[in-house]
S.K.: 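First the structure, which I've put down as structure tokens, then a few questions once you've had a look.
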Amino acid sequence: MPGRFLEAEEAVAEFVPSGATIAVGGMHMTAAPMALVTAMVRSGVRTGTLVTSPSASLQAELPVAAGLVDEIMSPYVGFEDLGLAPRFRKAVESGELRVVEIDEGSLTHALYAGAGGIPFLACPPGVDLTDIPRVSPELFRRVRNPFTGDEGWAIAGLRPDVTLLAAAEADEDGNVALGRFPFTDRLMALAARRLVVQVERTVDSGAMAARAPGDTIPGFLVSAVVVAPGGCLPTSYPGFYDRDEGAIRTYLKAARAPETLEAWLADLTGADPARGAEDS
Amino acid sequence: MPGRFLEAEEAVAEFVPSGATIAVGGMHMTAAPMALVTAMVRSGVRTGTLVTSPSASLQAELPVAAGLVDEIMSPYVGFEDLGLAPRFRKAVESGELRVVEIDEGSLTHALYAGAGGIPFLACPPGVDLTDIPRVSPELFRRVRNPFTGDEGWAIAGLRPDVTLLAAAEADEDGNVALGRFPFTDRLMALAARRLVVQVERTVDSGAMAARAPGDTIPGFLVSAVVVAPGGCLPTSYPGFYDRDEGAIRTYLKAARAPETLEAWLADLTGADPARGAEDS
Amino acid sequence: MTGAFSTSELMAVVMAREFRDGEVVVMGAVPALPLAAAMLAKSTHAPSLSYIVGGSGTVNATPIGLTTLSCDAALAPAPSALPLPEVVLLEGRGDALDVFCAGGLQIDAYGNCNLIAVGEWAAPALRGPGTVGLPFLPATKRSVIYAMDHSPRTFVERVDFVSGPGHPASPDEDRTYRGEGPSLVVTPLATLDFDPTTRRMRLRSVHPGVTEAEVAEATGFEPAPGPPVSETPPPSEEELTLLRRLDPGGLLSG
Amino acid sequence: MTGAFSTSELMAVVMAREFRDGEVVVMGAVPALPLAAAMLAKSTHAPSLSYIVGGSGTVNATPIGLTTLSCDAALAPAPSALPLPEVVLLEGRGDALDVFCAGGLQIDAYGNCNLIAVGEWAAPALRGPGTVGLPFLPATKRSVIYAMDHSPRTFVERVDFVSGPGHPASPDEDRTYRGEGPSLVVTPLATLDFDPTTRRMRLRSVHPGVTEAEVAEATGFEPAPGPPVSETPPPSEEELTLLRRLDPGGLLSG
């Protein structure tokens, strides 16, 4: 059934249960679904396991900073040129946040497998020479290659309960178009049991037809569409706006101390629901 | 090293060794790399294993009709509304052509695995309820899922020695753009040890930049580019030309009897090398 | 032509009625009939239906006129197009697709389809084109089987090769997938469904002008007994009008 | 600034010289330095070089000015852009990519990198961002390691956590991949390479104005002995001119 148009809080209330495995799209400081992530934080939804793209910034840091994540599975949480993710770092160092250690390749292939009903696959070379499988025994198991007899690591298919993505456009039937580098957002969409997409704007169905194959996600995969112009800020949405470096720096500064972080979070998620991602 | 511009026969001579595993792109009667396939046939190159897209037409039928294929791995060889592939059918029924039975899902995942250095993966549900694994013991092996203990089928990564594709455009650095439904052509390109691409036309590098991510294949993956306008005929190239139904019907009629087939093949691949795919 | 409509038109209407609102339908090679059915269903009782045309990966394409080609460029004006490997992923996922439109050189009493080989696989009397995505039938919620040939050659007790799995022939067989298996079989003579207990095919309706005896003679196995056989309800005027608007070239009516 | 060029400019020039014509270079987060190096190499001795910028998947992007952001929209005008999962496939394939540009919170005497945790993984003194694609280092032909901090904190005898594999610390270790492992390490003080027998890091050259003693003091392990240490050849006038044309915003010179 094609996706329905909802407000961010409604979409979170209906499709993001507490304790679930939530995947958030966007890579680094580009196309992070901040309107949805902020609505989750505002609603106080706990994330059982937060799965991110191969690299995440505020879409991971914010729910962690709000103390709403039990466990995180991410190959990278940070802010590129602006440095480490302060609350992610502190939460891991203090033991408040459990890490399910994973790398980009294993995550990508686990999503591919999850999307395709593939029970598991044998890991490509490389990760076996790292310490990652040793510390992630729930993700990696030894398997014997039935063709060669070789032993190696296997990873199971991964199916997020919900994936949150940011797209450029949606038409009235809930088809969405990315119009940008796809990152792993498509695999996250295909692997998810439920998919919630925030978009910059709506367009007529006809406009979708001009998109290249592989730029759109069909409405039947989309549970809900949230129209949120500027909703990736302070991260960027290519073709719409650049990242708001000042706003990110403001956050990073605020995150240094519990009191200033509290104030920043209250400002972002405070009682006034009219204040959305644009204020972040 | 970016791909070099060659004539079809040169590209075949340099990159398509006899007895190799050759993958041919294009799906059904769309975007079949007929200029390259015809050059292979003209050069008398034997194919050890011919791997096709999930559905192939003349790009599989022609080398089989010429008696140049030892073994075929294809989920479908036929002509949709125009019926079965006559020489493929006869060659299998007579035992001249060995079939490595495979289905669309297993082929797609084997190419994904081959492209990614993934030694093998566990098959998704479905193929286990068919007779396919029973008759393809070289492709399918039993494996125990190390996460659940369940037994199921596994398929190994597949790496064609050479993949032959048809694209819309190439720039001077051998970057190519498909500009159409991608089918499994991208996975075939990524999994191949060598990639030879025929294109409808050349463009400036700048023109490539307007293409959507995922529509182009970078030159460093391309061993050779062959400029062959109309080179998919009698199959179609979207945006350039439709299939030549009359020419396909002419072939299908010719294929009914050995003498008429011989004449048709001689006409296609005869001594005059100036006569290319356009004549087919 | 049977009266004012062709057999293909009747088959398209019957398939359209089988698609439910909100479902996702997937079809493969030579898609004219299921494509007509999906477009008709979407314009009548199932406005939220989605349909994927095989190799093109297009979702809800609205070509001007039907096409017999699953990768036709005419399908491109679609609100979404998935790269084929992503369609393959969704086929395997098991909870993404609702109806798989299938067929076969052979179709057996339990709805197994065979597109690979009649006779021994290694030395077949008839080599088929191959099975494409039919192994995913049991990973789909259900399948609708259609055949343009209703004869004892096509409808056999047991297929020589299972390339598209149907119902288990015995209740002992372990098929624990989500799929309900084949739900309907549509032929030029009749519609058939499956006994809910034995899962054996049974006659549901005969098309106008066809007798039960004709169907029995054309079927190479003994169908299961079932409720009284009705006549297939012919296309309504509205269905026929809409269908012909979708098919200006007369692919189905010709 | 060291003389007429900055340390970052020198590092970019050194990395550029390490890239060979026809190679394929891949880089990750904060790509300004390797991006500058790749663009410089391509405009000088390596016209057929290809370079992939991390998350964007772009190949041979020519942004107007360098960028510190690996998914920057400014990278989009590229002659090719691969979806990220396809970059991941090529990283694992093992014969597609030639040079992986890597780094770490810790880098050890055998070129292992650690982007995950300093101290115990379960209770780290410093939690790093994570390892992204560094496990693919040994599946790449070779890697070039660069670090903006040359101190005993970064250059350690043994990383606390291997997240980007380097050379085996003992010849018994089985590493049968195609990769040659790390070939060069570039820091603000020096360039280092690896003893071909023991695979232990050794000093190759010190940057202009830096002494061997300073490098020794800044390195938390005893480098392997090697050939006489030279001075890093400074950027030529041509290199510097081209580099600054690529970097009008002065990201490297500032």
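Chain letters run A, B, ... following the sequence lines, proteins first and then strands; every chain starts at 1. The basis for the numbers below is simple: all heavy atoms, side chains too, and nothing from hydrogens, waters or symmetry mates. All values derive from a computational prediction rather than experimental measurement.
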S.K.: Take atom CD in D:E120; do more than 12 heavy atoms of anything else shown fall under 6.0 Å from it?
M.R.: no
S.K.: Side chain, backbone, both or neither: which part of B:I217 has a non-hydrogen atom closer than 4.5 Å to chain D?
M.R.: backbone
S.K.: Please rank B:P218, B:A113, B:G206, B:P213 by heavy-atom pairs under 4.5 Å with chain D and give me the top one.
M.R.: B:P218
S.K.: Just wondering, more than 12 heavy atoms not from B:R159 lying within 6.0 Å of its CZ?
M.R.: yes
S.K.: Name each donor-acceptor pair under 3.5 Å that joins a side chain in residues 74-87 of chain D to protein atoms two or more places apart or in another chain, with its distance.
M.R.:
unit_1 : atom_1 : unit_2 : atom_2 : d
D:S80  : OG     : B:T216 : OG1    : 2.9
D:E86  : OE1    : B:R186 : NE     : 3.2
D:E86  : OE1    : B:R186 : NH2    : 2.7
D:E86  : OE2    : B:R186 : NE     : 2.8

S.K.: Decide whether B:E151 and B:N145 meet the rule of one side-chain donor and one side-chain acceptor closer than 3.5 Å.
M.R.: no
S.K.: Heavy-atom distances under 4.5 Å only: say whether D:V59 touches chain B with side chain, backbone, both or neither.
M.R.: side chain
S.K.: For each of B:D171, B:N175, B:L190, B:D215, tally heavy-atom pairs with chain D at distances under 4.5 Å, and name the one with the top tally.
M.R.: B:L190
